[in-house]
Protein chains: 2
Amino acid sequence: MQIHDISMQISPDMPVYKGREEKRPRFKTVATHQDGSAHETEITLNLHTGTHLDAPLHMLAEGSDISYLDGKELIAPCQVFDLTSVEDKITAADLVDLELKPNHYYLLKTRNSVPDFLNKHPEEFIYLAESGAEVIAAANPIGVGIDSLGIERVQPEHPTHKTLLGNGIIIIEGLRLYEIEAGDYKLILAPLKIAGVEGSPARAFLLEEDNQ
Amino acid sequence: MQIHDISMQISPDMPVYKGREEKRPRFKTVATHQDGSAHETEITLNLHTGTHLDAPLHMLAEGSDISYLDGKELIAPCQVFDLTSVEDKITAADLVDLELKPNHYYLLKTRNSVPDFLNKHPEEFIYLAESGAEVIAAANPIGVGIDSLGIERVQPEHPTHKTLLGNGIIIIEGLRLYEIEAGDYKLILAPLKIAGVEGSPARAFLLEEDNQ
C-alpha cells in the first residue's frame, strides 16, 4: 500500500486565503532548552489555515459544527479528478463527463496545486463555480476537496459553499495534489477534534492499493 | 472494519498538563454571521495540547523536529496493553511479561483514561517510569503512547522522554483509551503538518479488522 500525504505544510510563509496577513499562522516559542528543560511552541491558527475542512456552521447560522464527523466520514473512498486544464473556474460543463460515484469524496486537482501558484496568484485561484457545485451535490458525495484555500471566490453570497454545506457535503480546502494522479483512493481526513467550531485544520492522506 | 477515535476533544475546559492555566487552549471568534458572511474562529494552542506527539526536539537540543515523520510512521501496526491495575507509575516489572512486537506502536492504557480522572487528579496521573522506558526502548517500537498529558512526572531530567526520544521512538500523549480493549490494531496518527516544531496536536484512530 502506498501512502500519499496531501497536506499543506503550516509555516509562517505558507499560502493564506487571498494573501491576507491576518490569516497567517503565528508561532511563539514559550520554553527553550536554554531557559528550561524542554522546547515548547504555541501556535495561533485561523481554523481555515492550510489543509482544512469547513462544516456547515462556517456559512450557515444554524449549521452543524465539526463534531458530527466521526470515523466513517473521515476514512472513506475517494476519487481524484484531473482538472488541471481548467482556467479560472470549474463549471458544470467541466464535470458532466466524469463518473461521479455516490458516497465518495471528490478531490478536484487544478493548477492551484502547482508549486508556488497560490503564493504567486493569491487572488486568482481556480475555484468551483455555483453550477459545478450543483452537479456535485446531485451526485451525493460525502465531501468535496480542492487545492485552493477557498472553494470559491467572486461569488457574492457564497452559493458554492451554501449548496454543498446545505446538502451535508463536507468541504476540504488547501489540498496539495500536484503529485497525485487521477483515480480511486481511500482518503484519510484527520481534522483536530475541536469542540463547537465551524472547521479545523487537518492532516490528509490518500491510500493507494498496490494492485491498482 | 471498525474505526475507534482515540483523540481527546479540544475545548476550553479540557484536561491540561498538571492543570496549568497557561497550557489551556484559547478560542477567539474572528467573524460571525451577524457581522459578515461567515463564522470563523482562531485558536491558540500549545503544541502539547490534548492528543499530541513529541518529537526529539522537545527534549533534546539537537533533536529532530516533527517533519521527519511521513506516512509509513503515521499509519502502522499497534498493540494496546491494559495497565489499568497499575498505580502511580509503570515500571519494568509491569512490562516484562508483555509480548512487545518490534516495529509496532505500544499504547499504554491506564486509569488516566477513566472519564474525568485527569481533571480530578491533574498532578497524579499514571506515568511511565525510567525503568519501563528502558524495557520499551529495548523492544524497538516505532512509538509509545499513553493516556496522560505527560508520559512522565517527578523524574528530574526527564529520563523517560530522553530514553525514548534518544532512541528515535515517537511519544504520543493525551490518548483516550477507556473504551479500547487490549489487542492488535492499526494506528492512524495524524499530527498537523507544521514546519520546524517539536510536537503537534494530532487526531488518532485505531482500526480493527472485523475478523479479529
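We name chains A, B, ... by the order of the sequence lines, and we start the count at 1 in each one. Here the structure is a predicted model, which means the values were calculated and not measured.
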Based on non-hydrogen pairs under 4.5 Å, which of [options] is most in contact with chain A?
options: B:S200, B:P156, B:G71, B:S11; value: B:G71
options: B:P12, B:A204, B:P201; value: B:P201
options: B:T49, B:T51, B:L60, B:V197; value: B:L60
options: B:I3, B:D5, B:D70, B:I43; value: B:I43

Handout entry: Pair A:H52, A:E173: side-chain N/O donor-acceptor within cut-off below 3.5 Å
Key =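 Present: a donor and an acceptor within the cut-off.
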Handout entry: B:H161 versus B:Q155, side-chain donor and acceptor atoms under 3.5 Å
Key =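 No donor-acceptor contact under 3.5 Å links the two side chains.
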Exercise for the section: Compare all side-chain heavy atoms of B:F205 with those of A:I75 and state whether any distance is below 4.5 angstrom. Expected result: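 Heavy-atom side-chain distance check passes, below 4.5 Å.
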Exercise for the section: Report the option among A:A190, A:G63, A:G196 that has the most heavy-atom pairs separated by less than 4.5 Å from atoms of chain B. Expected result: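 Sorted descending by pairs with chain B, the first entry is A:A190.
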Practice task
Go through the atoms of B:L74 and report whether side chain, backbone, both or neither lie under 4.5 Å from a heavy atom of chain A.
Solution key: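 Contact with chain A involves the side chain of B:L74 alone.
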Exercise for the section: Measure distances from B:H158 to the heavy atoms of chain A and classify the residue's part below 4.5 Å as side chain, backbone, both or neither. Expected result: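 The side chain, not the backbone.
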Handout entry: Separation of A:M59 CE from A:I171 CD1 (nearest 0.5 Å)
Key =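 Those atoms lie 7.5 Å apart.
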Problem - A:L45, part contacting chain B, at a heavy-atom distance under 4.5 Å - result: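 For A:L45, backbone and side chain are both near chain B.
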Problem - Interface moiety of A:M8 toward chain B, non-hydrogen atoms closer than 4.5 Å - result: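 Only the backbone of A:M8 comes within 4.5 Å of chain B.
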Practice task
Classify the ring geometry between B:Y17 and B:F125 as parallel (under 30°), tilted (30 to 60°) or perpendicular (over 60°).
Solution key: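 B:Y17 vs B:F125 ring planes: tilted.
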[X] side chain vs [Y] backbone, donor-acceptor pair below 3.5 Å:
X: A:K162; Y: A:E157; result: yes
X: B:Y68; Y: B:A55; result: no
X: B:Y185; Y: B:H4; result: no
X: A:Q9; Y: B:I194; result: no

Practice task
Kindly indicate, with the supporting measurements, whether the criterion salt bridge (Lys or Arg N to Asp or Glu O under 4.0 Å) is fulfilled by A:R111 and A:D147.
Solution key: CA-CA 8 Å; A:R111 59 187 63 177; A:D147 45 10; over 6 Å; no
Exercise for the section: Sort by residue number and list every member of residues 20-41 of chain B having a non-hydrogen atom under 4.5 Å from chain A. Expected result: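 Contacts with chain A: B:E22, B:K23, B:R26, B:F27, B:V30, B:H33, B:S37, B:A38, B:H39, B:E40, B:T41.
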